[in-house]
Amino acid sequence: MNQLEPTNAAIAVASVLFGPVLAGYIGPYAVILIASTVGAAWALGRRDQGARLGAAWYFLRLNATAVLLTVGLATLTGKWLGIEETTWMLAPIALVVGGVGDDWPRLGRWLFERAGRVLERKAGGDGGAA
């Protein structure tokens with residue numbers, strides 16, 4: 001741990017509170033929850049302001065999504081970029097997962113369309129124009 005980044009800092013704090021064995025598990029997930037909560041707060045600002053219970057459910061839903069997806073996305077991104085150590089990516093990826101909010105379907109459609117255009121160009125297609 002010679003780099004000062006959020007995950008290493010959280011592991012250091014967690015090792016004082018919970019011991020070094022648990023700190024390796026608690027620290028990264030604490031960073032994921034904090035970053036996704038900040039992202040969810042930004043996403044909540046784009047929504048109609050509703051009841052507090054609705055906002056709490058929104059945060060819970062986005063935090064759970066970030067906990068389930070962030071490590072996998074960091075690993076995939078690291079492999080794609082050729083980076084072995086991906087713990088520094090946890091905070092920014094969790095921030096994005098929370099920040100996207102309820103726009104995941106729209107983002108998915110955009111990515112799918114974009115990938116289709118790239119594949120069409122590689123295949124030499126003209127988009128079906130005659």
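Computed from a predicted model, the values in this text were never measured in an experiment. Hydrogens, waters and symmetry mates are skipped; everything else that's a heavy atom, side chains included, is used.
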Problem set entry | D102/R61 ion pair, N-O < 4.0 Å | yes
Exercise. Under 4.5 Å between side-chain heavy atoms, hopping through other hydrophobics if needed: is there a path connecting V100 to I34?
Worked result: no
Exercise. Would you say L81 and W88 are hydrophobically clustered, going by side-chain heavy atoms of ILVMFWY under 4.5 Å?
Worked result: yes
For this session: To the nearest 0.5 angstrom, please state how far the OG1 atom of T65 sits from the CD1 atom of I32.
Result: 12.5 Å
Exercise. Do P6 and V31 touch side chain to side chain, with heavy atoms closer than 4.5 Å?
Worked result: yes
Problem set entry | Pair T87, N8: side-chain N/O donor-acceptor within cut-off below 3.5 Å | no
For this session: Considering non-hydrogen atoms only, spot the tightest contact between G27 and A10 and give its length.
Result: O-CB, 3.4 Å
Exercise. Which pair of non-hydrogen atoms, one from A74 and one from L90, has the smallest distance, and what is that distance?
Worked result: CB-CD2, 4.0 Å
Seminar exercise, completed: Separation between CG (N63) and OG1 (T70), nearest 0.5 Å, reads 9.5 Å
For this session: Please name the pair of heavy atoms, one in Y58 and one in A40, separated by the smallest distance, quoted to 0.1 Å.
Result: CE2-O, 3.7 Å
For this session: Mind checking the CG-CG spacing from L107 to L111? Nearest 0.5 Å is all I need.
Result: 4.5 Å
Problem set entry | Steps toward side chain to side chain contact (heavy atoms under 4.5 Å, CB included) verdict (S36, V97) | CA-CA 6 Å; S36 65; V97 168; 5.7 Å; no
Seminar exercise, completed: Heavy atoms of G99 and A43 approach each other most closely as O-CB, 3.5 Å
For this session: Inspect the surroundings of CH2 in W42 and state if more than 12 heavy atoms from other residues, nucleotides or ligands are less than 6.0 Å away.
Result: no
Exercise. Is L69 reachable from V67 through a run of I, L, V, M, F, W or Y residues, each pair having side-chain heavy atoms under 4.5 Å apart?
Worked result: no
For this session: For E84 and T86, test the side chains for any donor-to-acceptor distance below 3.5 angstrom and give the result as yes or no.
Result: no
Exercise. Are there more than 12 heavy atoms of other residues, nucleotides or ligands under 6.0 Å from atom OH of Y29?
Worked result: no
Problem set entry | Min side-chain heavy-atom separation P28-T7 under 4.5 Å | yes
For this session: Give the minimum heavy-atom separation between W104 and G101, together with the two atoms involved.
Result: CD1-O, 2.9 Å
Problem set entry | Gap between atom CG of L60 and atom OG1 of T37 - 0.5 Å precision | 10.0 Å
Seminar exercise, completed: To the nearest 0.5 Å, atom CE of M89 lies from atom CD of E5 at 11.0 Å
Exercise. Do I83 and W80 belong to the same hydrophobic cluster, where Ile, Leu, Val, Met, Phe, Trp and Tyr are linked whenever their side-chain heavy atoms lie under 4.5 Å apart, directly or via other members?
Worked result: yes
Exercise. Out of curiosity, does L95 fall in the hydrophobic cluster containing V71 (side-chain heavy atoms, cut-off under 4.5 Å, transitive links)?
Worked result: no
